[in-house]
Structures are given as C-alpha cells and as structure tokens.
Amino acid sequence: MRSIDVIKSISILLLCYVQVTICMAFQDTLSNEVDAIFERWDKIDRPGAAVGIIDQGKLIYKKGYGMANLEYDVPITTSTPFHVASLAKQFTAFSILLLQEDGLLNLDDAIQQYIPEIPDFGTTITLRHLITHSSGLRDQSHLLWLAGYRPDDVITKDHVLSLIANQKELNFPAGEESLYSNTGFILLAEVVAKISGRSFSQFTSERIFEPLGMTNTCFYEDQGKILKNRAYSYYNDQEQLKTRTLSATVVGSSNLYTTVDDLAKWVLNFENIKIGSSLILHTMNKEFFLANGEPARGAFGQYVGTYEGIDKIDHDGAEGAFRAYLGRFPNQSFSVIVLSNNAEIDATIVGLRIAKSYLQEHFQTQDLSTKEQNLMHKKLSTKTLKTYEGHYWNDNFQHKTHIYIEKDTLYFSKFRGKLLKMAAISKNEFQIVGVQDDIRLTIVNKEGHKSMIMTMNGSNTQNYEFYEQYNYTDEDWKQIKGNYFSEELQTVYTIKVTESNVIANHWRLGQVELTRLKGDLFSGNRGYFSEVEFVRDSNSNIIGFRVSNGRVRKLLFSKRNDLDLH
C-alpha cells in the first residue's frame with residue numbers, strides 16, 4: 001500500500017473516531033438531561049416513570065425511574081406494564097382500519113348497522129364520525145359522573161352501552177364539530193368484537209400485539225385478570241401517598257396496559273411496516289377536516305399538529321393517577337414515550353421537554369418578550385378605555401369574561417380565572433401580555449352594541465357578546481328550589497337556596513355549589529357539573545335545567561315537584 005493511501009485510511013479512521021466520540025458525548029449529555037428531569041421521582045419511596053426514545057429506527061434510550069409498587073418495593077423498568085388511558089385509542093382506530101382493509105366494514109357505515117340499540121338522533125352517525133370525535137355523542141365518562149358514579153366503581157361495557165342507548169340528544173349534529181368523546185371509541189371496540197366474533201382484547205392480541213412481539217400488552221376487559229409486574233398508580237393526598245384504584249373494564253377508549261419496550265415496537269411499525277399497510281398508516285397520520293372544511297386536528301386516535309415549527313403526531317393519557325404520552329416527529333424520525341404512575345408527573349410536558357432537548361436545532365422558538373416587542377403598544381385615554389368595560393359572553397364555549405379598567409390599564413378576566421393585562425396595539429385592538437400564546441382582543445362598539453373577537457395565534461377565533469347583569473328577584477330564587485330528574489341518566493339533583501349559597505345536592509356525590517353567571521345561567525364548582533342553565537316555560541316559570549360539563553352539553557333535568565326524597 002502506498003504511503004498516501006495509508007495516510008488517507010488513517011485520516012478516515014480518525015474522522016470516524018472523532019464523529020463517534022462527539023456523538024457519544026452528545027448522547028451522554030442528553031441522557032444526563034433526561035435523568036435530571038426525573039431525579040426528584042427516582043427514589044425507592046416514590047412512584048415514577050418509564051421513558052423510551054426512538055431515533056432513526058432504533059430505541060436509543062430507555063430507563064425506569066422510581067417504583068412500580070410501593071407496598072412490595074418493585075422498581076419501574078421499561079418492561080413494567082402501565083395503564084396508558086387514551087393512548088389506547090390509536091390501537092382501536094388501527095383495528096377498525098384493519099377490518100376495512102379486510103372488506104368487512106366501511107368507515108362511512110352508520111353505527112346502527114352494527115349496534116342497532118343506538119338511537120336515531122335525526123342525523124347519520126358513521127364510524128368515521130366516531131373515530132374522529134365528530135359524532136356529537138356525549139362522553140360516557142362525563143355522563144357517568146353526572147349520574148352519580150365514582151372512579152372506583154366497577155363499570156362494565158353493558159352498563160355503558162345501556163347508558164348510550166338511553167340518550168335523547170347529541171351535543172351537536174354529527175360532522176359539524178369535533179369534541180373529544182370516549183363514547184365513540186367504546187362503540188368502535190364493540191363493532192370490532194361483533195364483526196370479528198372475538199372479544200376486542202382477543203382481536204387486538206391476535207392482529208396487533210402478537211405479530212409485533214408486544215408480549216406485555218393487553219386490553220383489560222376482565223377485572224379479575226392477573227397482570228404480572230404491573231405498576232399501580234399513586235397520588236399525593238396532604239403529603240401522604242395513596243393508591244388510586246381503577247375498576248372499569250370498558251375497552252376501546254382506554255384500559256390498555258403496555259410497556260415502553262412494547263410501545264417502541266408499535267412506533268417502529270410506522271417506519272418499517274410489519275402489520276397493516278402503507279394506506280392504513282397514512283390514514284392514521286392524516287389530519288381530519290369537518291364538513292365545513294375546518295381542520296379538527298384529530299387523526300385516527302391521535303392528534304396531528306405542530307410544536308414550535310415542526311410536525312408532530314401525538315396523544316396523551318390520564319386516568320386514575322396514571323399519566324402517559326406518546327409523541328412522534330415523523331420528519332425527524334424521532335419519537336418519545338413517557339409512562340408514569342405518579343399523578344404529579346405531566347407526561348406531555350416532560351415528553352415535549354425531552355423532544356426539545358434531542359431536536360433543539362429543529363425547533364423555532366421565540367421569546368415572549370420578543371413577541372410582545374414586535375408590536376408597538378399604544379397609550380389610549382381613560383375615556384376610550386372605559387367604553388370597552390363590561391361583561392362578555394361566548395355561547396359556544398359557555399365562557400364569561402369581564403373587562404375592566406384599573407389605573408388606566410384594561411384587564412381581562414375569565415370567570416374564576418387569573419387577571420390578564422391588555423396592551424393596546426390600535427384604538428380597539430389589544431394584545432394579552434405575559435402569556436405563551438399570542439392572544440388578540442378586538443372590541444367593536446357600534447351604536448351601543450358591543451362585541452369582542454378573541455384570536456389566538458392568528459387563527460383560532462372566538463366571538464363574545466356584551467351583556468348587562470341583572471339581579472335575581474326573591475321569586476326567581478324561590479322558583480329554582482326543588483327536585484330535578486334526568487330521564488336519560490335516571491338520577492335526581494335537589495336545588496337548595498340558603499342565605500349564603502345555592503347548592504345542587506346528589507344523594508351519592510354530595511354537594512355542588514352554584515354561582516350565578518348571567519340570566520338563568522350558573523356555574524358549578526365541580527367539573528362534572530360545571531354549567532347549569534334553568535329552563536322556563538312561556539309563563540316564565542322554571543320547569544327544569546340543562547347541565548353542561550365540557551363533553552356533555554345541555555343535558556335536560558326536568559323539575560319534579562312530585563318527587564319526595566325525604
């Protein structure tokens with residue numbers, strides 16, 4: 001070999017050595033960053049998390065932190081099965097697409113074709129609507145809360161199907177909106193079971209988990225089933241750790257147990273297909289659009305969007321004290337998995353923080369201070385600012401806001417929310433300062449009629465109308481008292497009025513304190529009973545109320561003077 005060739009060979013080897021050394025040093029630095037994130041939970045007396053990082057088709061990092069079981073001192077590993085809550089939905093969606101590819105169903109089939117017990121709501125609800133959260137069906141978990149069920153109750157599939165079959169109304173006509181609903185995925189799992197002739201857990205094991213080698217993954221349909229080495233969930237109650245029991249056996253929307261090692265195999269199937277097809281995976285990753293052409297963000301059991309400038313497909317999960325996150329960044333061939341049994345850990349925030357560490361050169365970040373300096377803030381007179389004061393209401397989201405002036409500055413306040421400072425960027429346009437999102441408020445005051453348009457990050461628009469507050473009379477307070485019955489939930493709430501408060505009482509759930517917002521609309525201090533609007537007849541007599549809680553809208557309770565609950 002000529003000396004020049006030897007020199008070239010040595011140079012190449014040295015270059016490779018330097019590159020490998022730099023890469024290893026970079027990996028060590030990132031590993032230390034991940035360890036630092038979980039350091040506070042990586043103890044023998046604390047629940048924690050398991051983490052997996054997939055890069056360029058390989059599981060490059062995996063580690064467990066903290067304990068899976070505090071009673072028996074079992075540590076968390078990446079083969080520890082966790083309850084992953086709503087991460088289950090992408091497997092349900094995949095199952096439906098497998099059956100469509102088998103020619104056994106079509107996404108545009110009506111749900112009643114497979115489950116005839118579902119009522120006819122006057123609008124066709126298809127499998128596609130269910131899989132994209134656009135069916136309008138009320139969320140079963142929120143219905144159960146309203147009906148008086150608690151998280152530790154045993155809830156079965158038959159119970160949930162009966163509850164759905166008893167509904168009289170939708171949140172909205174199918175296809176017109178997208179609102180997260182576990183109900184749709186429970187029905188999809190039932191469709192899979194009916195078509196395949198096997199339980200949903202059997203079908204997913206045979207068609208998904210076993211072919212991918214996901215040996216520690218299963219849908220949990222049998223409350224008595226033994227799951228070896230699984231994690232138990234824990235929350236902090238006044239500085240004391242307690243377990244949070246999950247007793248539901250309903251699958252499709254949740255109730256999946258899996259591990260970091262197994263989820264990594266699922267992630268890699270999106271890059272190197274072993275089950276399914278390229279068409280199925282393309283459909284899974286495709287953003288869904290509503291009938292009006294508006295994007296709904298939802299894909300099939302996942303969410304499609306961006307994070308600081310790069311494409312992201314992800315979903316999180318939260319049930320009991322379990323927290324889970326699976327995020328994929330397809331253009332960078334990068335994914336992160338965080339599974340936790342500690343209610344303190346926000347798996348989504350942690351997962352995105354890890355992704356940002358590994359992909360920092362791809363992100364487009366901008367300081368809040370920079371964003372705020374991009375706009376020239378103007379000084380408006382107190383007289384002008386006073387014309388914008390008042391109460392504003394968004395009917396779609398049942399949001400009340402209050403704008404008021406203090407020391408020549410306008411402040412924006414949501415009901416029971418923190419105060420936000422408004423800075424003028426024109427005579428009637430304002431920017432909310434000190435927040436991550438770019439929120440603009442445009443207030444229009446024409447001929448005494450005021451309205452407000454809120455725009456978030458240049459696209460998400462919400463409309464608010466000005467309204468005048470008026471006081472309830474003694475007769476109004478008297479009329480809202482009484483017993484209210486829901487035919488759909490078969491349960492009763494009693495409204496009581498005292499000198500100090502208004503209470504909605506349920507025999508099993510206890511009391512909800514109500515605060516009047518506007519007109520006959522009240523807010524409740526419990527999440528399942530967050531909005532209550534009393535209903536009047538043509539003579540202005542109160543005959544019922546409609547309750548909303550985010551995923552249930554305007555469910556009717558009729559006033560029943562004939563009920564004696566004493």
Side-chain angles (χ1 to χ4, degrees), residues 111 115 117-123 125 130 135-172 174 179-187 190 247-250 252-254 319 398 480-496 502-514 520-535 542-566:
I111 181 59
I115 310 177
E117 297 84 1
I118 302 301
D120 180 359
F121 294 102
T123 179
I125 299 174
L130 299 177
S135 69
L137 286 166
R138 293 162 171 161
D139 186 277
Q140 57 89 23
S141 58
H142 287 58
L143 288 172
L144 287 167
W145 292 340
L146 274 172
Y149 288 83
R150 298 190 296 243
D152 55 347
D153 288 327
V154 176
I155 299 167
T156 67
K157 176 187 71 175
D158 290 340
H159 181 196
V160 171
L161 292 177
S162 176
L163 181 68
I164 299 168
N166 205 39
Q167 294 298 294
K168 310 297 181 187
E169 298 173 299
L170 297 173
N171 282 332
F172 51 83
L179 180 64
Y180 199 89
S181 176
N182 288 290
T183 300
F185 282 80
I186 291 169
L187 294 176
E190 183 65 4
S247 300
T249 59
V250 185
S253 64
S254 182
E319 197 163 350
Q398 301 282 286
I480 68 173
K481 297 178 183 178
N483 298 318
Y484 294 79
F485 175 74
S486 167
E487 183 180 349
E488 293 170 89
L489 300 182
Q490 295 291 300
T491 199
V492 176
Y493 284 84
T494 301
I495 304 293
K496 299 178 180 179
V502 181
I503 296 294
N505 188 69
H506 188 275
W507 70 274
R508 194 158 189 259
L509 298 175
Q511 296 183 341
V512 181
E513 185 176 342
L514 303 181
D520 289 316
L521 185 68
F522 288 71
S523 173
N525 67 341
R526 298 287 186 90
Y528 63 85
F529 209 87
S530 57
E531 308 283 352
V532 179
E533 186 164 20
F534 289 93
V535 178
I542 289 177
I543 58 173
F545 66 70
R546 289 185 177 273
V547 62
S548 302
N549 61 20
R551 296 180 188 174
V552 171
R553 296 181 184 173
K554 300 184 178 181
L555 187 141
L556 179 63
F557 282 74
S558 299
K559 194 170 185 180
R560 292 283 297 271
N561 295 322
D562 57 317
L563 293 176
D564 185 3
L565 303 182
H566 298 289

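Since this is a predicted model, take the numbers as computed values, not measurements.
- At least one donor-acceptor pair closer than 3.5 Å links the side chain of Thr183 to the backbone N or O of Arg138.
- Side-chain N/O atoms of Asp139 and Ser141 include a donor and acceptor closer than 3.5 Å.
- Aromatic pair Phe557/Phe545: ring centres closer than 6.0 Å.
- No side-chain donor-acceptor contact under 3.5 Å links Arg551 to the backbone of His142.
- At least one donor-acceptor pair closer than 3.5 Å links the side chain of Arg526 to the backbone N or O of Gln511.
- In this structure, Ile543 CD1 and Ser558 OG are separated by 7.5 Å, a value rounded to the nearest 0.5 Å.
- Expressed to the nearest 0.5 Å, how far CZ of Arg560 lies from OH of Tyr484 amounts to 13.0 Å.
- By the 4.5 Å heavy-atom criterion applied to side chains, Phe485 and Lys559 are not counted as neighbours.
- Within the 3.5 Å criterion, the main-chain N or O of Gln140 finds no donor-acceptor partner in the side chain of Asn182.
- Contact detail for Asn171 and Leu137: the closest heavy-atom pair is ND2-O, 4.0 Å.
- Closest approach of Gly550 to Leu179, counting heavy atoms only: O-CD2, 3.6 Å.
- Inter-residue side-chain proximity for Leu143 and Ile164 is flagged as unmet; no heavy-atom pair is nearer than 4.5 Å.
- At distances below 3.5 Å, not a single donor-acceptor pair connects side-chain atoms of Ser253 with backbone N or O atoms of Ile186.
- Aromatic rings of Phe529 and His506 (six-membered ring for Trp) have centroids beyond the 6.0 Å cut-off, not under it.
- When all heavy atoms of Ile125 and Ala174 are compared, the pair lying nearest together is CG1-CB, 4.0 Å.
- Between the side chain of Ser548 and the main chain of Glu531, no donor-acceptor pair closer than 3.5 Å is present.
- Between Leu489 and Asn166, every side-chain heavy-atom pair lies at or beyond the 4.5 Å cut-off.
- Glu169 places none of its side-chain heavy atoms less than 4.5 Å from the side chain of Lys554.
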Test log, rule side-chain contact (heavy atoms from CB on, under 4.5 Å), inputs Asp153 and Arg508: CA-CA 12 Å; Asp153 288 327; Arg508 194 158 189 259; 2.7 Å; yes
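- Without hydrogens or angle criteria, Tyr493 side chain to Leu146 main chain gives a donor-acceptor distance under 3.5 Å.
- Contact of the Leu187 side chain with the Leu161 side chain is registered, since non-hydrogen atoms from C-beta on lie closer than 4.5 Å.
- Side-chain contact between Leu509 and Trp145: absent, with no pair of heavy atoms (C-beta onward) separated by less than 4.5 Å.
- Listed by chain and residue number, nothing satisfies the salt bridge (Lys or Arg N to Asp or Glu O under 4.0 Å) test with Glu117 (two or more places apart in sequence, or in another chain).
- In this structure, the side chain of Glu513 does not engage the main chain of Asn525 through any donor-acceptor pair within 3.5 Å.
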